[in-house]
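The next block holds one structure in the form of structure tokens; read it before the comments.
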Protein chains: 2
Amino acid sequence: MKVRKLSYICIMEYQEAKEKFISTWGSLGTLWGINKAMAQIQALLFISTKPLSMEDIMEQLHISRGNTSMNLRQLMDWGIVTKELIPGERKEYFTTEKDVQELARIIAKERSRREIQPVVKVLKEVSSIRDDGTKKTQELIKQTKALYDLTETADAMLNKIVNQQQNWITKSLIKLIK
Amino acid sequence: MKVRKLSYICIMEYQEAKEKFISTWGSLGTLWGINKAMAQIQALLFISTKPLSMEDIMEQLHISRGNTSMNLRQLMDWGIVTKELIPGERKEYFTTEKDVQELARIIAKERSRREIQPVVKVLKEVSSIRDDGTKKTQELIKQTKALYDLTETADAMLNKIVNQQQNWITKSLIKLIK
DNA sequence: TCGAACTTTCAAAAATTATTGAAAGTTTAT
DNA sequence: ATAAACTTTCAATAATTTTTGAAAGTTCGA
């Protein structure tokens, strides 16, 4: 009886923590441009000990089949989630990249490609207009050029960071992943 | 006549470039969680050679008075835009931080405070639940702890970068700001 | 204290984005 | 070739976010 009670408490603790994590990660997703469902699916897979089917995901997150399908597809486009075929099973199962370092690398690369690069392109264009000598044109050129350089530098830095660390991130992960 | 035609062309070039910049910066805003109007107002001020009034902004961006007022207020909350009182004028005028380096510093600091810190808090909480020995609890703990460390590290890095560079960003700006 | 010149607020409307669910599509075993 | 077991698509709907505009609020000079 004591044990049963204890066990019950443990499950609650786990469930609560899990839900908190999924929902927080989900709302963070919204902030950096991926939708809630997508971020939650990733979160769910991230803490799951085994691959999950579409049914599993639908059920645990209470989202529709269509929504699950579309967001899984997007996660696969990002290269964050992969299909896992289980022999003898008709269903498809999904897993996410479990190594946060690799996850960060993928996300940084994708965001750079999808979001930063197009902006850099426009900044370069705008900062290259002909200087007609007016003050306002010169201001436009100067400021967009400054932003262009900043953005490029930030992007280069981001890539550098996520590619060749070995010190920053790895250090803290070594003790956890073992 | 020749001059007038030329001048006309210059204005078009400037206008087109300006609009392109404002609209691109506006849509980038959406991607990182600030709305279009807010980003566009900042963009407009950023390339303006003199402080602008609410009327100026409303007119140039074709947005309503209410919208302008609310978004200017938000930009001031972020510390990116400041009121400029012009002696003898009743109207309020606005300017934005013109140094991109300082701008980046402010934005990074605000984003860390508003978005990253709350997530770090939850990750810490979740990764501190009692380990009941089950595989799934251990996975939850391990993975959220890894994310916690990653997020904290990324945040620390962000702050480090925007505070004490002198090499990366500054280098490219020196030649521009002079 | 009044009123003109501004700014702010906020409920309603518009625009955008996410979600649903059922029909269409696909794959595989027999 | 068929049917069962799945997945994908997409038009309709729901939810959320942004924008408007007019009323309320503020400030200042006379």
Side-chain angles (χ1 to χ4, degrees), chain A residues 22-45 51-78 81-96 114-115, chain B residues 22-45 51-78 81-96 114-115:
Chain A
I22 289 173
S23 113
T24 305
W25 204 240
S27 51
L28 182 71
T30 312
L31 289 170
W32 43 279
I34 73 174
N35 76 40
K36 207 180 65 172
M38 191 171 154
Q40 290 190 341
I41 291 172
Q42 198 277 325
L44 179 62
L45 292 173
L52 300 180
S53 69
M54 227 165 76
E55 301 285 343
D56 295 334
I57 296 167
M58 285 166 59
E59 191 184 303
Q60 294 206 45
L61 301 180
H62 308 287
I63 58 178
S64 73
R65 188 174 296 283
N67 201 4
T68 308
S69 170
M70 284 175 127
N71 285 107
L72 274 172
R73 146 93 80 136
Q74 274 212 78
L75 284 165
M76 288 189 288
D77 284 350
W78 274 66
V81 161
T82 46
K83 263 185 197 163
E84 190 114 330
L85 291 180
I86 293 183
E89 287 263 20
R90 189 73 164 276
K91 269 185 209 153
E92 294 174 326
Y93 285 80
F94 303 89
T95 6
T96 191
R114 291 169 198 238
E115 294 158 27
Chain B
I22 290 173
S23 113
T24 306
W25 204 242
S27 52
L28 181 70
T30 312
L31 289 169
W32 43 278
I34 72 173
N35 76 39
K36 207 180 65 171
M38 191 171 154
Q40 289 190 341
I41 291 172
Q42 198 277 323
L44 179 62
L45 293 173
L52 300 179
S53 69
M54 227 164 77
E55 301 285 343
D56 295 334
I57 295 168
M58 284 167 60
E59 192 183 305
Q60 294 206 44
L61 300 180
H62 308 286
I63 58 178
S64 71
R65 188 173 296 281
N67 201 4
T68 308
S69 171
M70 284 175 127
N71 284 108
L72 274 173
R73 146 94 80 139
Q74 272 211 78
L75 284 165
M76 288 189 288
D77 284 350
W78 275 65
V81 162
T82 46
K83 264 186 196 162
E84 190 113 332
L85 291 179
I86 293 185
E89 287 263 20
R90 189 72 165 276
K91 268 184 209 154
E92 293 174 327
Y93 286 80
F94 302 89
T95 5
T96 191
R114 292 170 197 236
E115 295 159 27

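In what follows, chains carry the letters A, B, and so on, assigned in the order in which the sequence lines appear, proteins first and then strands, with residues in each chain numbered from 1. What you see below is based on every heavy atom in this structure, not just the backbone, and it leaves out hydrogens, waters and symmetry mates. Treat the numbers as computed from the prediction; the structure is a model and nothing was measured.
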Looking at the side chain of A/K83, which of D/dC10, D/dT19, D/dT8 is the nearest nucleotide?
-> D/dT8
Nearest of C/dT9, C/dT20, D/dT19 to any side-chain atom of B/S69?
-> C/dT9
Interatomic distance, B/N67 CG vs C/dA11 C1' [rounded to whole Å] | 15 Å
Indicate whether OP1 or OP2 belonging to C/dT19 is found under 4.0 Å from a side-chain N or O atom of A/R65.
-> no
Which of the following nucleotides, D/dT8, C/dT7, D/dG21, is nearest to the side chain of B/M54?
-> C/dT7
Establish, with yes or no, whether the OP1 or OP2 oxygen of C/dT9 is under 4.0 angstrom from a side-chain nitrogen or oxygen of B/R73.
-> yes
Verify side chain to side chain contact (heavy atoms under 4.5 Å, CB included) between A/Q74 and A/N71, making sure each step is shown before the conclusion.
-> CA-CA 5 Å; A/Q74 274 212 78; A/N71 285 107; 4.0 Å; yes
Considering non-hydrogen atoms only, spot the tightest contact between B/G29 and B/A39 and give its length.
-> CA-CB, 3.9 Å
Specify the separation, in whole Å, of atom CE of B/M58 and atom C1' of D/dT20.
-> 11 Å
Value in whole Å for how far the C1' atom of D/dT8 lies from CD of A/E92 = 10 Å
Under 3.5 Å side-chain donor-acceptor pair for B/Q40 and B/W25 = no
Residue whose closest nucleotide on DNA chain C lies nearer the 5' end, A/N71 versus A/R90 | A/N71
Figure out the CG/C1' separation between A/L85 and D/dC6, and round it to whole Å.
-> 12 Å
Minimum-distance nucleotide (side-chain atoms of A/I63 versus C/dT19, C/dT20, D/dT7) = C/dT20
Minimum-distance pair of heavy atoms, taken over all atoms of A/D77 and A/R114 = O-NH2, 3.8 Å
Rounded to whole angstroms, how far apart are CG on A/L75 and P on D/dT7?
-> 16 Å
